[in-house]
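What follows is a short report on a single structure.
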Amino acid sequence: MTITALTAPIATTATDDTARTAEVDNRATYVSFGLAYVFGHGASALSQGANPLVSMPGWLPTVILGIGLAAGTVHATIAATRAQRGASTSDVRSARLLGLSWLSAFAALFLAITGLTATLDMPELQTTLWPTGAGLVVGLLYLGEGAARRNVLHYSLGTWLALISTAALFLSTPGLFWVLAVAGGGGYAVAAVLERRRLTAGNHALR
């Protein structure tokens, strides 16, 4: 007598270990940050220097830049939160650590600029160190996020921002702000256009 063992296929379900974080749609974030760079740093470029092209209150460019960056931060938070739905525990933890790294990085930047300008007794340096330092920090954070999420576009944008922000230090005002406005804002604009193509290619790959 022979016995034939019939094995039924075992249904598998996604667990916390196999679920993956969805793609983060950065288009709204890129557009918000790009507009902040163009209008915020652009206003500084127009209103600063030995012969300013436009007269405006010194606080206005900072406010314009701050509004754009705040809007971009909100969009980035919303996009990251949506991408975490259904993700594994480890992926959610990684995303949260990446979010906390922004607080740590800018706290360190604040201490570095404040300490340096106080030690040298040159508070006017903050005018150039803050915009360039912030661009460098954002670029480096994008590098980390791009590597963690395997997002080449995000990684490339981070590289661009880090390089042009530090290269701008070779120029005095208003040239420094022109570089940030044109090269920085332009980088975000290109990234916003390419982001749609990246997401479309990713959706086709999943089918």
Side-chain angles (χ1 to χ4, degrees), residues 18-42 65-110 130-169 179-207:
T18 59
R20 302 298 301 173
T21 303
E23 285 288 352
V24 178
D25 185 349
N26 295 301
R27 284 176 292 182
T29 305
Y30 290 161
V31 170
S32 298
F33 280 160
L35 291 175
Y37 265 62
V38 170
F39 291 105
H41 292 313
L65 180 65
I67 292 174
L69 295 180
T73 301
V74 171
H75 286 303
T77 302
I78 294 174
T81 301
R82 288 175 177 171
Q84 291 176 24
R85 295 173 182 172
S88 67
T89 303
S90 60
D91 284 338
V92 172
R93 185 181 299 113
S94 296
R96 289 176 178 174
L97 289 174
L98 286 172
L100 289 174
S101 66
W102 284 75
L103 298 177
S104 302
F106 275 95
L109 180 64
F110 170 78
W130 266 113
T132 54
L136 171 62
V137 167
V138 170
L140 294 178
L141 288 168
Y142 279 4
L143 285 173
E145 290 180 348
R149 296 170 178 163
R150 297 174 293 278
N151 185 335
V152 177
L153 175 59
H154 205 63
Y155 187 94
S156 301
L157 177 59
T159 302
W160 176 251
L161 292 175
L163 291 176
I164 63 107
S165 297
T166 48
L169 286 170
V179 170
L180 295 176
V182 176
Y188 274 113
V190 171
V193 173
L194 296 179
E195 179 73 350
R196 180 178 181 180
R197 184 180 304 174
R198 183 187 72 84
L199 294 171
T200 302
N203 290 332
H204 285 315
L206 293 176
R207 294 176 183 175

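Position 1 is the first residue of the sequence, and the numbers go up from there.
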Check your understanding: Taking the side chain as C-beta and beyond, is there a heavy-atom pair between T132 and L136 under 4.5 Å?
Key -> no
Point to revise | Closest non-hydrogen atom pair, L65 against A36 | key: CD1-O, 3.4 Å
**Study point:** CG on L180 to CD1 on I164, rounded to 0.5 Å
**Key:** 5.5 Å
Practice item. Kindly indicate whether the side chain of N26, heavy atoms from C-beta on, has any atom under 4.5 Å from the side chain of N151. Key: yes
Point to revise | Side chain to side chain, Y188 and T29, heavy atoms closer than 4.5 Å | key: no
Exercise for review: Check the pair F33, T73 against side chain to side chain contact (heavy atoms under 4.5 Å, CB included), reporting the backbone distance first and the verdict last.
Suggested key: CA-CA 8 Å; F33 280 160; T73 301; 4.1 Å; yes
Check your understanding: So, the side chain of S165 versus the backbone of A162: is there a donor-acceptor pair under 3.5 Å, distance only?
Key -> no
Point to revise | Interatomic spacing from CG in L194 to CG in L199 - rounded to 0.5 Å | key: 11.0 Å
Point to revise | H41 side chain reached by V179 side chain, heavy atoms, under 4.5 Å | key: no
Practice item. Flag the pair W102 / V138 as yes when at least one side-chain heavy-atom distance between them is below 4.5 Å, and no otherwise. Key: yes
Exercise for review: Nearest 0.5 Å please: distance from the CG atom of L140 over to the OG atom of S101.
Suggested key: 10.5 Å
**Study point:** Crowding at CZ, F106 (>12 non-hydrogen neighbours, <6.0 Å)
**Key:** yes
**Study point:** Heavy-atom closest pair, residues Y142 and L157
**Key:** CE2-CD2, 3.7 Å
Practice item. Only counting residues at least two apart or in another chain, list the ones meeting side chain to side chain donor-acceptor pair (under 3.5 Å) with H154. Key: Y30, E145
Review point. Considering all heavy atoms of both residues, which atom of V38 and which atom of G185 are nearest to each other, and what is their separation?
Key: CG2-CA, 3.9 Å
Review point. Nearest 0.5 Å, what's the OG-CG distance between S104 and L109?
Key: 12.5 Å
**Study point:** Heavy-atom closest contact (G42 atom, A181 atom, distance)
**Key:** N-CB, 3.7 Å
Exercise for review: Answer whether the closest heavy-atom distance between the side chains of W160 and Y155 falls below 4.5 Å.
Suggested key: no
Point to revise | Shortest non-hydrogen contact from V24 toward E195 | key: O-OE2, 3.2 Å
Revision key, fill the gap. Taking every heavy atom of V31 against every heavy atom of A192, the minimum-distance pair comes out as CG2-CB, 4.1 Å
